[in-house]
Amino acid sequence: MNIPSRYEAQQRADQIRIFRRELELLQSEGVLALSAEQRLRVAGHHCQLLSRFAHDFDIDRDQRASQLSLGMRIASLFGALALSASVFFLFYQFWGWLATTTQVVILIAAPLLMLGATVFVQRKDFSGYFAKLAALVTFACFVINIAMLGQIFNITPSDKALLPWAALAFLLAYACDLRLLLVAGILCMIAYVAARTGTWGGMYWLSFGKRPENFFPAAAILLAVPLIRHRRFASFPPVYRIFGLLTIFLPVLVMGSWGESSYLDWDANFIESFYQVVGFASASLAVWIGVRKQWPEVINTGVTFFIIFLYTKIFDWWWQSMPKYQFFLVLGLVAVLFLMVLKRLRTASYKLLQGEQS
Amino acid sequence: MMKWSHTLIAGSALILLTNAVVLLGAGYNRDGEPDSQLLLTQRELQHSAWQETRDNSGMTLMLNWRFEQAGQNDLDSGLYSVRWGMPVWLDKAKMSELGFDVDKLASTVEYGRHYQELQPKEVLLVLELNDKAYQHQLQRAKDYLDQAKARLDAAPDIAELKRKEKNAEENYQHELQSNSRLFVIDAGLDLPKLRATYPDRARYAIVHGLIRPGTVREQNKTGVGGYISELQADRINVPFSYRQVFGNAAPYEVAVAFGKRLEPWIVTASNGAAVD
């Protein structure tokens, strides 16, 4: 079987680990007894697979390794952020004492050298932790590069800088299979598309946040990207979907409470009511699609925002008028009601699954 | 995952291409005759020491621009080199010329209903160096001083009048010797048109900026005006070769050019020449 990515290799290794435990249980309970030859064949096949995955992707072979790798992920994230900050301050510390040509050469050379280092590290380190570190520093160097050139030559700030930043972040994300860089690219892309939308709407580009509807085109793009098959990057589509949903729900949440910020030329109260309805409808739709498509990240984001929309509305209605114990009682009851609905939904999806299996 | 050589080529190409675009843009701005070139002193170009910290060795100069304020009373006249309030020339007619919907703005003062209209807009701002606007401001400070002196002469024992006369004298001296003479005097959307109106390139610089509309309630009527919310060329980086000019307390003279993209840079800088 061809395993295309580290993410999928890790998933397969986890399945093997679970299978081994279950097999032991089934054998001890007398439900299943494999012959010695079958046991050897299965164990040999699994050993072979795990060795290959460990060699190619440095995956976690057991529970302990998986716990340690969580620590390594956190350490590499903090390390990457700290190193990026260090590069930033290193340049700031000395740039005033350098001639303009030297400044420019250093600024251009830094991301190029770091890109080379990232590629080198990626080839040597299959775990991806050090590659992530180097890739984020490369991205930081490139951001500093363009921002500082702007400062050195007194260039008018422009949203166009976000485009190459996003491009490099996406390139590194796809080249090194790094979700952190994917998030950086997505954030740059959201800011760029929202700024462009704002500019087309007659705004100054830096004011794009004042019109939450500017974020909707970016949301549409983000939700459309996973439609392109990500066979070798199975962990990327959920990231796109989460940020796509956040780019819808957060603006809707703002406009549900602040109608004046909308482009719509309606009464502010009507706009707020409209976006409250849109909020409930879109969160419900997200949960429904998430259940149908088996996208847990979509279900979780939808449920979270449905609750936020609901609690915001309850706060509007009753915070002033109700005694506080009653208010929190209502919140608690709503949570219980929500649990019951989700439980029913879960039962329904089990039935659906059973129906499909039979 | 991508092949490593492809990553290296694509990434390097992206980095180099982006830098090329930025540097060509900066080169284009400085190519040929600048759009304007002003000879500024420490009055108009202040060494921004607060930006230099232990962690930042860079040096930046701040353009110290001002404008004549609308609705200025005597006490305000030139006391400080401030930027709050509405410029006197940024009235309803000018706002309409800049493309703001002034009728909608004037229809009611309720902020929420005007969120759309109150958004800032990118415009071109005209900076005037040491000319009519400054002379006018200087004259106002002088008139205020004369009035304060006359009031004190009429009643020499009143302490409040003594204090006001002292303040007015200080104010006039500041205006004469240290306040900035760089005033924003006009705004527009069309660069050639503005340049035709202000052809003296050694006295008038045109820069990008932002104007935000505003309303004032006066005698049951809504007055419409605008605020300058940003002047985009107001921070100028000091190249290493000119650092020593600003490293001491001596007065300095700086030739600042504004190029084809209206972005500034320091052409020359020296100590000593500027005494006023």
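Quick caveat: nothing in here was measured; it's all calculated off a predicted structure. Letters A, B, ... mirror the listed sequences (proteins, then strands); counts begin at 1.
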Contact leader toward chain B among A/L107, A/T100, A/L168, A/V104, where contacts are heavy-atom pairs under 4.5 Å: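 Sorted descending by pairs with chain B, the first entry is A/L168.
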Between A/F94, A/F91, A/W205, A/F120, the one whose heavy-atom pairs under 4.5 Å with chain B are most numerous: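 Of the options given, most contacts go to A/F94.
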Under 6.0 Å from the [atom1] atom of [X], do we count more than 12 heavy atoms belonging to anything else shown?
{"X": "B/Q244", "atom1": "CD", "answer": "yes"}
{"X": "A/R179", "atom1": "CZ", "answer": "no"}
{"X": "A/D265", "atom1": "CG", "answer": "no"}
{"X": "A/F274", "atom1": "CZ", "answer": "yes"}

Measuring only between side-chain heavy atoms, which start at C-beta, is [X] closer than 4.5 Å to [Y]?
{"X": "A/T118", "Y": "B/T7", "answer": "no"}
{"X": "B/R243", "Y": "A/W97", "answer": "yes"}
{"X": "A/Q93", "Y": "B/S57", "answer": "no"}
{"X": "A/F89", "Y": "B/N56", "answer": "no"}
{"X": "B/T18", "Y": "A/L163", "answer": "no"}

Heavy atoms only: give me the nearest [X]-[Y] pair and the separation to one decimal.
{"X": "B/L14", "Y": "A/P164", "value": "CD2-O, 3.8 Å"}
{"X": "A/F153", "Y": "B/L23", "value": "CE1-CD2, 3.7 Å"}
{"X": "A/L115", "Y": "B/I15", "value": "CD2-CD1, 4.4 Å"}
{"X": "A/N154", "Y": "B/N237", "value": "OD1-N, 2.8 Å"}
{"X": "A/I155", "Y": "B/R261", "value": "CG2-NH2, 3.8 Å"}

Engaged part of B/L210 at the chain A interface, taking heavy atoms whose separation is under 4.5 Å: side chain
Residue part contacting chain A, namely of B/L17, when any heavy atom lies under 4.5 Å: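 Interface part for B/L17: neither.
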A/L113 CG to B/S12 OG distance, which is reported to the nearest 0.5 Å: 10.0 Å
Separation of A/M203 CE from B/K121 NZ (nearest 0.5 Å): 13.0 Å
Under 4.5 Å from any heavy atom of chain B - which part of A/A268: neither
Between A/T156 and B/E263, a side-chain donor and acceptor under 3.5 Å: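 On atom types as modelled, these side chains qualify, holding a pair under 3.5 Å.
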Salt bridge (charged side-chain N to carboxylate O under 4.0 Å, His left out) partners of B/D234, counting only residues at least two apart: none
